[in-house]
J.: 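Take a look at this one; I'll ask things after.
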Number of protein chains: 2
Amino acid sequence: MASIKDVAAEAGVSVATVSRVLNGHPSVSDEARTRVLAAVRALGYRPNAVARSLRTDETRTLGLVISDVMNPYFTELARSVEEEARALGYSVIIGNADERPELQDHHIRTLLDRRSDGLLLSPTDGGSPLMLDAARAGTPMVFVDRWIPGVDVPVVRADGRDAVRDLVAHLHGLGHRRLAIITGPAATTTGSERVAAFGEALEAFGIALPEAYIGQGDFQAESGRRATDAFLALPEPPEAVFAADNLMALGALDAIRARGMRVPDDIALAAFDDIPWFVHTDPPITAIAQPTGELGRAAVRALVDRIEGRPPQSVTLSARLVVRRSCGEPPDPAKEQRVSHPDELLRIEGIRKEGEFSG
Amino acid sequence: MASIKDVAAEAGVSVATVSRVLNGHPSVSDEARTRVLAAVRALGYRPNAVARSLRTDETRTLGLVISDVMNPYFTELARSVEEEARALGYSVIIGNADERPELQDHHIRTLLDRRSDGLLLSPTDGGSPLMLDAARAGTPMVFVDRWIPGVDVPVVRADGRDAVRDLVAHLHGLGHRRLAIITGPAATTTGSERVAAFGEALEAFGIALPEAYIGQGDFQAESGRRATDAFLALPEPPEAVFAADNLMALGALDAIRARGMRVPDDIALAAFDDIPWFVHTDPPITAIAQPTGELGRAAVRALVDRIEGRPPQSVTLSARLVVRRSCGEPPDPAKEQRVSHPDELLRIEGIRKEGEFSG
DNA sequence: GATCGTCATGGAATCGATTACACGCGGCTT
DNA sequence: AAGCCGCGTGTAATCGATTCCATGACGATC
């Protein structure tokens, strides 16, 4: 590959001049500029980003470590992150932690070694020493979706509290009283928050949430299946199951089918995280939709703010209930919702940013 | 961040010795080695991968440019690619081309600039000059899933010819005679091959494939919808629709539903690319499953072979028909298939590598 | 005891860029 | 006319690693 020296030789100038032309430095004569550009074209020269990074100490690369790429929610998040990053002149390296802390650490380590300018994390656990050290050492970092309490890192996430309350109201309105939840790992905020919100909502309706109705899952389909099996084996099984993510909902659907039962006739089902497929499942699944695309974009903006020396902002958007048929009694067909792009919800719901209310 | 100089100072040796210790060079005294390792630990030193790459001219990074991350087929491909790459000591940078040639070029360019050691491509089109130049210039490269004829680059893909024949036999057996296909862009091999295979299979059954039964799609859900709408508006609409990828099948399902028709009673539906969700749609969709994970792994192995100076091998695996209910007459329930991990198919079907037969 | 080989080590070049500094030149001010 | 400023340019230092080469110590060999 041609280097800047080759270009300089071809154009009959010094490497400094070539560099100045390439970086738009004003102090270059038109004469030199044209000669350099001609040489660049002639040699098909492209600057070596590795060398540039070494010198400037910036790679214009963002690291994104997500819990599970196969989960459509995170796929969409990754997609929007990449789009926004590209718009701001950054590339994204995606690490798939597969819900495994040691894999998460592996990715954080390589991203750090490769000198990513910043990290976008959705922690699978309570935070490894590696991650906490990096945060303390001043590595630009933003948590997205999940976060770790007590760490001074901006958080971009959706608040599902209201939507969960809406869901419980919906279930209650359909006559369901025995409501169960399949939760994620307690070490993740999304795991614990969703049960908490569910519990509070139930309480508001004077419904108890017995231990037996809390199934421990790990955000993977298989755990949804197991938890649902356990529910159905109970002397008094629940009338409705709320899965804290979409994959566990799929597993739950499997388990219900395996017993020859039908949704929603025999049992109601709802999920956190809406995805395009939920429109086409049998039956279409009622879900809580996050403004995924906007979350990804906001996270990138916060991280880039931090990297480029501007004060980064934590952002909380709100999630929203999308009623379909999996909890019973089809709603008025005119009101039935198709949400291929959950972002459309923003136009309906509006965006709430932290600090706009109380500060 | 501590650099190798700091470590050298802390350990009281030269940077050369530190480097030797870190790279396992034999000619280092135990005394020096322990001192260096102690210093490394004390300072929390991590080698700067950027500097190392500049010097050694290798980044241990692979670029993967895929057509559409939101397509579960490619998501799974990306996942298996990352896994195998990690096992071989490489990181993967994923670029999402979104079926747009100019985006594809953007990603190829940044990957080249960042000096990725090799590229894994699934071209959205017939091949841009940039891509062809890079191939000619000797950039290690492997095509996966889709490829470009006439370019000297190894190809890792699945052959769906037999499976398509099986599908046509299945449809024919169910009494369907008017069969239509929604194809991908003709510029992609997967676009044109699938129609070709379909056409040949029909011919074998003495069935014609009129122009009106070939819907032009672009591998996105929306195009599946449009093509299906056109089919249904025909004076004599098809009895079965075969979508050349999973997203277009979803679109087709939408279009059929929108007309108040039912699958499979009013029209049969099948898709290329099997995904876990197809088990849960209404009805479960008959599909042609590719050994996606194995494709990803084989592609990485071929690319790394090429990078490390071993002769790379083109690989062709075979796809396989998975019958569900979307074409009519439910098959014997005992035979109904659940394919969450299409890789399992390998155990059934076996793997065929090019060259094992004729060479 | 001179010579040689082996081993551990350090000095310095190198990868390809950016950029501080110095220099020469021309024009303007006083 | 001297001095100053600003512009365009080149030389060289620098980023953090790897690695070639030289050196000195030591042991073995003759």
J.: Does C:dT9 have its OP1 or OP2 closer than 4.0 Å to a side-chain nitrogen or oxygen of B:S29?
T.: yes
J.: If the cut-off is 4.0 Å, is B:S27 near the phosphate of C:dC7, judged by side-chain N/O to OP1 or OP2?
T.: no
J.: What is the distance, to the nearest angstrom, from the CG atom on A:N48 to the C1' atom on C:dG16?
T.: 6 Å
J.: Just checking A:S3: base, sugar-phosphate only, or nothing, at a heavy-atom cut-off of under 4.0 Å?
T.: sugar-phosphate
J.: Go nucleotide by nucleotide along DNA chain D from the 5' end; which of B:R20 and B:A51 gets its closest nucleotide reached first?
T.: B:A51
J.: With nearest nucleotides of DNA chain C determined for B:H25 and B:L54 from heavy-atom distances, which residue corresponds to the more 5′ nucleotide?
T.: B:H25
J.: Starting at atom CG of A:D6, determine the distance to atom P of C:dG16, rounded to an integer number of angstrom.
T.: 8 Å
J.: Just wondering, are more than 12 heavy atoms of other shown residues or ligands nearer than 6.0 Å to CG in A:D57?
T.: no
J.: Scan B:A49 against the nucleic acid and name what it touches under 4.0 Å (heavy atoms): base, sugar-phosphate only, or nothing.
T.: nothing
J.: Between D:dT11 and A:S14, is there an OP1 or OP2 to side-chain N/O distance shorter than 4.0 Å?
T.: no
J.: I'd like to know if the side chain of A:S116 reaches the main chain of A:G118, judged simply by a donor and an acceptor atom lying under 3.5 Å from each other, with no hydrogens or angles considered.
T.: no
J.: Just to confirm, is there a sub-4.0 Å distance from OP1 or OP2 of D:dG10 to any side-chain nitrogen or oxygen of A:T17?
T.: yes
J.: Taking CD from B:E58 and P from D:dG16, how many angstroms apart are they, rounded to a whole number?
T.: 21 Å
J.: Can you check the A:R35 CZ to D:dG8 C1' distance for me, whole Å?
T.: 13 Å
J.: For B:V13, answer base if it contacts any base atom (sugar-phosphate contacts may also be present), sugar-phosphate if it contacts only those atoms, and nothing otherwise; contact means non-hydrogen atoms under 4.0 Å.
T.: sugar-phosphate
J.: Check this one for me: any side-chain N or O of B:R55 less than 4.0 Å away from OP1 or OP2 of C:dT14?
T.: no
J.: Within less than 4.0 Å of OP1 or OP2 of C:dT18, is there a side-chain N or O belonging to A:N23?
T.: yes
J.: What's the separation between atom CZ in B:R60 and atom OG in B:S53, rounded to the nearest 0.5 Å?
T.: 10.0 Å
J.: Between C:dG16, C:dG11, C:dT19, which nucleotide has the shortest distance from any of its atoms to the side chain of B:A16?
T.: C:dG11
J.: A side-chain contact here means heavy atoms from C-beta on lying under 4.5 Å apart; do A:Q313 and A:D305 qualify?
T.: no
J.: Do the side-chain N and O atoms of B:S19 and B:N23 include a donor-acceptor pair separated by under 3.5 angstrom?
T.: yes
